[in-house]
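Hydrogens, waters and symmetry mates play no part in the numbers below; they use all other heavy atoms, side chains included. These figures come from a predicted structure and were not determined experimentally. The chains referred to below are lettered A, B, ... by the order of the sequence lines, with proteins before strands, and numbering in each begins at 1.
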Amino acid sequence: MKHTKKRNRLAGKSRRKLVVLIVTFSVLLLATVGGVLAYLAVSTEPIPNTFVPSNVSCEVIVTPSEKNYSYSDITVRNNSSDNGIDGFVRVRLVPTWVDENGRTQGLPAWEPNVELNKTDWFEHTDGFYYYRRALAPGDTTNNMLTAVLQTGGDYRDSNFADNDFRKKLDIYAEIIQSSPTTAVLEAWKVNPTTL
Amino acid sequence: MKRKIVAVLTACISLLVCLFGMAMPVGAEEETTYYRLEFVNKTEKSSYNDKMPTTVLDVDEISYNISRVPAGKKVILPNVDPTENSKLGYWSLREDGKFKRYEPGETYTVKSNTTFYFVTPTIDLTIAAETENHVAQSFIYEITATDFSMVVCVDAGESLTIDDLPAVDYTVTELTAHSWRYTTATSQVGDTTSGKAITVGLENAVDGVVEVTFNHSDREDKWLTGADSKTFEYTPMFTVSHAITLHHQDNWYNLEVYNNGNIDIYVRMAITTHYVDGEGNISGAKGSWDSKLKDQALGDGWVEYGGFYYYTKPLTKWEVSKKLFANYTFPSADARWMYSAQSVEAHPDALRNTWGVVISEGSVTAAF
């Protein structure tokens, strides 16, 4: 009986020790994790993931010639901003007749007698003029025309010249990323470097 | 008695007034002869009435030309029945190279060298290019009809109106190679929706205007692209010259050249002579007087060089050169001479790059 009481007392002591141990360990664990978390919360600074997205854009440049003997120059500039990329360029000329108020007239109009710079440009059957090389940001194409843009008209235009109409030429340029080549093949169906 | 006298006097006065009134318009009509232009068949030919000889004229699709109405005569410009939904046609009269528009029904006093053009009834065509995002993008449309084609450029979100198209059917087609970034593009006029092309005509016109809308969606942003456009307006320059044959009844022939363009030009002429047979066929052999031609004294300002006759003074717009030959007699009825005139804009670079010459007054030399 005595032994039983003693055993019970010893078991109660052990249980108390175990509880104390568990509580102590838990407090220690909480303190460690909390400390670490508190440390992280206080010491970690946000790292901004800043980047400038790639882009490509272009500008048509028409320079009237000072010579009375016709003409103007047509070039296209890759004017992509920061982090701009190389691009392929193509141009389309759309001529129309306009009256003194700028209203489009229902008359057929022909492209000026263009002398194309065939070294750098290619006139494709789709109606576009393609620049044969990729253009780096900030670079400008060579002049599209060798004899520059002739302001003289097609002989067929003389039928309308007496109406005091003026010829309006829309010069429309597009640029597309040159790498990967899949881009230009998929979008324009041509590879300008192999024309 | 008095009443009878008053009645007789009143009747006499009334009679006089009536007679005078009737005489006035007759007198006015005698002073002015009106020439009324009548359309026999507006698609084939035209004539004016029995006061003038009937003239059959060439017709093209846009206008036709009625000329040779004597100066000083009055012409009532006729009305033409407009086709329903179209705009009424109008007259375009050309004097001294300038065109002026007259509406049908107006009276016009003919001046010398007036040329009449009737511009057939027309429609206006408005093309709108709608997109979800009005980015820097232009769309290109081709407008076609029989023997007619033109192309226009319309900015995204904008519309463009083409004035005075002859009132026939047109097919408006979006050139899709240009708008590859849009996977769909449907054209619409009224309640009719079509694909990337649509045919429209008078039946679609409202007050003379046909409106076609092209709707675009699903912009393809897979690849990086950009676009830009500039507009450049100018007056085309023309170097058109015409050789004029001067024929004298005593078998005198001579030539002049006329600048029918709109800028200053230099001109030159080439002349060859051939025998012709009885049917007028050229034999190919040079006429016996070919060498004789070279012996002729040339007119003021003309110089022979390298097989051409050069006029060494620039011709301004509408200017006519001096006569090519100072004095020349056509030598034989069985020979024919052929001539052609060429022109180039009056600028040293143009002369050098085309004819390879330098021209100063009275002199032509090779350009090096």
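- A/Phe128 contributes atom CZ, which lies 5.5 Å from atom CD1 of B/Ile140 (distance to the nearest 0.5 angstrom).
- Interface residue A/Val98: only side-chain heavy atoms are found under 4.5 Å from chain B.
- For chain B, the nearby parts of A/Ser54 are the backbone and the side chain; heavy atoms of each come within less than 4.5 Å.
- The part of A/Asn55 that comes within reach of chain B is its backbone (N, CA, C, O), which places non-hydrogen atoms under 4.5 angstrom from that chain.
- Here the CD1-OG1 distance, from B/Ile143 to A/Thr96, works out to 10.0 Å after rounding to the nearest 0.5 Å.
- With a 4.5 angstrom heavy-atom cutoff, A/Val94 touches chain B only via side-chain atoms.
- With hydrogens and angles disregarded, a donor-acceptor distance shorter than 3.5 Å links the side chain of B/Asp228 to the backbone of A/Val60.
- When all heavy atoms of B/Trp223 and A/Ile176 are compared, the pair lying nearest together is CB-CD1, 4.2 Å.
- With rounding to the nearest 0.5 angstrom, the CD1 atom of B/Ile127 is 9.5 Å from the OG1 atom of A/Thr104.
- Taking SG of B/Cys153 as the start and CG of A/Leu169 as the end, the distance is 10.0 Å to the nearest 0.5 Å.
- Between atom OG1 of residue B/Thr231 and atom NZ of residue A/Lys168 there is a gap of 5.0 Å, rounded to the nearest 0.5 Å.
- Residues A/Arg103 and B/Thr161 meet the side-chain proximity criterion, which asks for heavy atoms closer than 4.5 Å.
- For B/Tyr266, there are no ring pair (Phe, Tyr, Trp, His ring centres under 6.0 Å) partners at least two apart in sequence or on another chain.
- In this structure, the portion of B/Leu175 lying under 4.5 Å from any heavy atom of chain A is its side chain and not its backbone.
- Nearest heavy-atom pair across A/Tyr172 and B/Ser229 is CD1-CB, 3.6 Å.
- Taking each heavy atom of B/Met150 and A/Gln105 in turn, the nearest pair found is CE-O, 3.5 Å.
- B/Ser149 and A/Pro108 make their closest contact through O-CB, 3.5 Å (heavy atoms, listed as atom of the first residue, atom of the second, distance).
- The shortest non-hydrogen separation linking B/Pro166 to A/Gly106 is CD-O, 4.4 Å.
- With respect to chain B, the highest number of heavy-atom pairs below 4.5 Å among A/Ser57, A/Gly102, A/Ala187, A/Pro180 belongs to A/Ala187.
- The contact between B/Leu224 and chain A is made by backbone and side chain atoms together, counting heavy-atom distances below 4.5 Å.
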